[in-house]
Peer 1: 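Pasting a structure below so you can have a look.
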Amino acid sequence: MAKQKIINIAVIAHVDAGKSTLVDALLSQSHVFRDNEQVVDCVMDSDAIERERGITIYSKNCSIMYKDYKINIVDTPGHADFSSEVERIMKTVDTVILLVDSSEGPMPQTRFVLNKSLQQGINPILFINKIDKKDARIDEVVDEVYELFMDLEANDEQLDFPILYGIARQGIAVTDPTEVASVFVGEEGSKIKKSPKGYKDWDITPLLECIINHCDPYPDLNDEPLQMQVSSLAYDDYIGRLGIGRITRGKMKEAQQVAVTKEDGSAAKCKINQIFRYMGMSRIAVPEAECGDIVVVSGISDISIGETICDPNNPESLGTISIEEPTLSMNFMINTSPMAGKVGKYVTSRHIRERLMKELEVNVGLVVEETDSTDCFKVSGRGELHLSILIENMRREGYELAVSKPEVVLKKGPNGETLEPVEEVVISVPDEYSGTVISKLNLRKGMMQQMMSESEGYTRIIYTAPTRGLMGYRTEFINETHGEGTMVRRFAGFEPWKGDIPDRINGVAVAQEAGSCTAYAIFTIQERVQMFVEPGDHVYEGQIVGMNARSDDMVVNPCRAKKATNMRAAGSDDTIKLTPKRWFTLEEALEFIDDDELVEVTPTDIRIRKKILTELERRKDYNRRHNNG
């Protein structure tokens, strides 16, 4: 058979292993950019939140030319919360480059992404990255990867994976790590200045050679009936919804009549408008595309992930793409606080509903359900980060909403027992803090799996713990380890209910009335309360303005002004010393709140409030529940 010179690859790894940096090097050394072009780091992370947080959230495509091969590259996220982005692209690639950090070794998410690729029958390429690290332990890491492959029941062919070593941020790949033992990348002293263009005679060529030697190009099936499965979606303001996927057989042409097979087995007649191929970072419109290539198709307004675009005379589905179930849910509701609608552009339940339905089109790991109330929607996702990124995007687009405390999604077991999601937690902490971390995780119903000593006075601890117990733990963990510990989580499965887990120990301070906070009032409150507001902030009745040192809630008045008398002036507040207020990010606020509280999200502010705003109504509700209970 005549060969099409097209190879599709995905770069997969745990978070921060260097995926986007490796893609930078591949693009840079394939002359995708002009010589004088200013290129930012991690050029594929084009979304604003991706840039701010330094993480990849969405799978993205690009392509490079090497010799006479076109290599399509998919850059994937490393966070477990966005693993649905990885799951669905596995069917579109011929091989994966598995990146592993030379000192960390395989991490929880490495196991997940590798397992997905092995299940698809893909033979991976191993790339040991960051070999210039002082604490690199290259041989041990390679052994750990072999063990991981065997744990995941890889076949003999998959176990015979090629291994490359490199420094992705310098664009270096080698077959023997001793070749570059003298190279250290950085900014100061004897280190070389980082640049993805390579260094001396070293560049990324060994990796490109490995890809074309390891992978057969896609076979020529152009004469067969058209078949293409949609693996991801995009949206363009001018041409509408776009379907992205690989043409598994046949050719695709502009304005072609096709059949789209749905999940229920039915087929709908449609017409393609335009076809785009990836050239470097750009999408280029083409009149025709051949099998093996990853293309973007416009014109089918209701196309969904997993559907197959086929020849109308031969509608043959490629099956559905299965995505793992959500583990966490929260309620999205309209903002009912006294400050609602002051800064937001979209505030009604209709606006929120439309936005969530639009998100469902591209975010396959998400589930949105209607509730008894028309003003509230139950949204389920893969984790706190998955849901908080959605809320953050909505906030930036001008939406106002209130969200409840995240709750775990429960399932029924085969014998009717309640099952809850459990996560694997890998923690690396300085030795002196390990005892505190262990006692806290035990309280949260965690089970220790392994504990080992790492280099330079660090201990690595591996736990399995219920997702319920880990909610709200990250901030506590950072404080207890003085910012020196790292914690990585991965969904491990559903296990029987672990019993009650203690909630937040501290009560809160709730504002008694609406108004502007005064320094005088805050000064008197801050002895017993860690404040969330400062002088000049506007508050309303029922807003949470601080955390009580004790376990009960306390109603306070942060707006009380000092009375002026003939003995002292109202203006002598300048001498008052106030403790700085505690700022909340969206994730921290979601971790902090209790069952009877909400996070109020607006384009400019994140506030925490009680569900029931007035003190009298809260007391009535408390009495009603406890008398009935």
Side-chain angles (χ1 to χ4, degrees), residues 7-27 42 44-45 50 55-64 71-102 104-130 141-142 144-146 148-149 151-152 154 158-159 161-166 168 173 204 207-208 210-211 214-215 231-232 244 246 294 321-324 364-365 382 386 424 426 488-491:
I7 297 175
N8 297 336
I9 63 167
V11 185
I12 62 171
H14 182 77
V15 66
D16 278 345
K19 296 178 296 300
S20 299
T21 314
L22 182 66
V23 175
D24 279 0
L26 288 164
L27 287 166
C42 298
M44 295 291 281
D45 292 344
E50 290 181 321
I55 59 172
T56 304
I57 297 171
Y58 309 104
S59 289
K60 289 184 226 49
N61 301 63
C62 63
S63 80
I64 59 172
I71 301 174
N72 286 313
I73 304 168
V74 188
D75 183 18
T76 64
H79 270 279
D81 288 32
F82 309 114
S83 47
S84 59
E85 295 278 329
V86 183
E87 286 175 79
R88 64 183 193 217
I89 58 96
M90 283 301 170
K91 282 189 178 180
T92 66
V93 297
D94 302 306
T95 191
V96 294
I97 300 172
L98 176 71
L99 256 74
V100 180
D101 186 297
S102 67
E104 285 180 349
M107 296 293 275
Q109 186 65 2
T110 315
R111 170 182 281 270
F112 177 87
V113 292
L114 178 61
N115 192 26
K116 291 290 168 199
S117 62
L118 294 177
Q119 283 171 3
Q120 287 293 332
I122 290 169
N123 300 331
I125 296 168
L126 176 63
F127 188 92
I128 305 290
N129 193 20
K130 307 185 184 180
V141 167
V142 171
E144 286 171 15
V145 175
Y146 270 114
L148 179 59
F149 269 75
D151 276 358
L152 297 174
Q158 288 170 331
L159 274 168
F161 51 84
I163 306 173
L164 288 155
Y165 309 86
I204 212 78
L207 176 59
L208 294 167
C210 179
I211 291 167
H214 181 65
C215 268
S231 61
S232 53
I244 305 169
R246 173 164 71 174
I294 293 177
I321 295 176
S322 62
I323 299 293
E324 291 195 5
V364 289
R382 292 296 288 271
H386 188 195
E424 180 188 5
V426 177
V488 178
R489 294 160 49 176
R490 177 188 73 91
F491 171 66

Peer 1: As an exercise, state the distance from CG of L148 to CG of L126, rounded to the nearest 0.5 Å.
Peer 2: 10.0 Å
Peer 1: Kindly indicate, with the supporting measurements, whether the criterion side chain to side chain contact (heavy atoms under 4.5 Å, CB included) is fulfilled by L26 and I71.
Peer 2: CA-CA 10 Å; L26 288 164; I71 301 174; over 6 Å; no
Peer 1: Indicate yes or no for a side-chain donor-acceptor contact from N8 to the backbone of T92 under 3.5 Å, with no hydrogens or angles considered.
Peer 2: yes
Peer 1: So which atom in L27 and which in S63 form the shortest heavy-atom distance, rounded to 0.1 Å?
Peer 2: CD2-O, 4.3 Å
Peer 1: How far apart are the closest heavy atoms of G105 and E144, and which atoms are they?
Peer 2: CA-OE1, 3.8 Å
Peer 1: Nearest 0.5 angstrom please: N129 CG to L22 CG, how far?
Peer 2: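 Rounded to the nearest 0.5 Å, the CG-CG separation comes out at 7.0 Å.
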Peer 1: For residues C210 and L164, report the shortest heavy-atom separation together with the two atoms involved.
Peer 2: CB-CD1, 3.7 Å
Peer 1: What is the distance from atom CD1 of I244 to atom CD1 of I294, rounded to the nearest 0.5 Å?
Peer 2: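 These two atoms lie 9.5 Å from each other.
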Peer 1: Identify the two heavy atoms, one from A25 and one from I204, that lie closest to each other, and give their separation to 0.1 Å.
Peer 2: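 Heavy atoms of A25 and I204 come nearest at CB-CD1, 4.2 Å.
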Peer 1: Please step through side chain to side chain contact (heavy atoms under 4.5 Å, CB included) for the pair M90 and I12, ending with a clear verdict.
Peer 2: CA-CA 10 Å; M90 283 301 170; I12 62 171; 3.8 Å; yes
Peer 1: Sub-3.5 Å donor-acceptor pair from the side chain of Q158 to the main-chain atoms of I122, do we have one?
Peer 2: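 Indeed, once roles are kept as given, a pair shorter than 3.5 Å links the two residues.
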Peer 1: Please examine the side chains of S102 and I128, heavy atoms only from C-beta on, and report whether any two atoms are closer than 4.5 Å.
Peer 2: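 Side-chain contact under 4.5 Å: yes.
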Peer 1: Say whether, by atom type as modelled, one donor and one acceptor occur between the side chain of T95 and the main chain of I9 under 3.5 angstrom.
Peer 2: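 It does not hold such a pair.
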Peer 1: Restricting to non-hydrogen atoms, name the atom on L152 and the atom on R111 that form the minimum distance, rounded to 0.1 Å.
Peer 2: CD2-NH1, 3.6 Å
Peer 1: What is the distance from atom OG of S20 to atom CG of D75, rounded to the nearest 0.5 Å?
Peer 2: 3.5 Å
Peer 1: Any idea which heavy atoms bring P124 and F161 closest together, and the distance?
Peer 2: O-CB, 3.3 Å
Peer 1: Distance from I125 atom CD1 to I163 atom CD1, nearest 0.5 Å?
Peer 2: 11.5 Å
Peer 1: Checking the side chain of H14 only, and the main-chain atoms of D101 only, is there a donor and an acceptor separated by less than 3.5 Å?
Peer 2: no
Peer 1: Does the side chain of F127 reach to within under 4.5 Å of the side chain of V11, using non-hydrogen atoms?
Peer 2: no
Peer 1: Step by step, work out the side chain to side chain contact (heavy atoms under 4.5 Å, CB included) result for I211 and I97.
Peer 2: CA-CA 9 Å; I211 291 167; I97 300 172; 4.0 Å; yes
Peer 1: Applying side chain to side chain contact (heavy atoms under 4.5 Å, CB included) to N61 and N72, what does each step give before you reach the verdict?
Peer 2: CA-CA 7 Å; N61 301 63; N72 286 313; 5.9 Å; no
Peer 1: Can you tell me how far apart NZ (K19) and CG (D24) are? Round to the nearest 0.5 Å.
Peer 2: 12.5 Å
Peer 1: Is a donor on one side and an acceptor on the other found under 3.5 Å between the side chain of K130 and the backbone of A168?
Peer 2: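 A pair under 3.5 Å: no.
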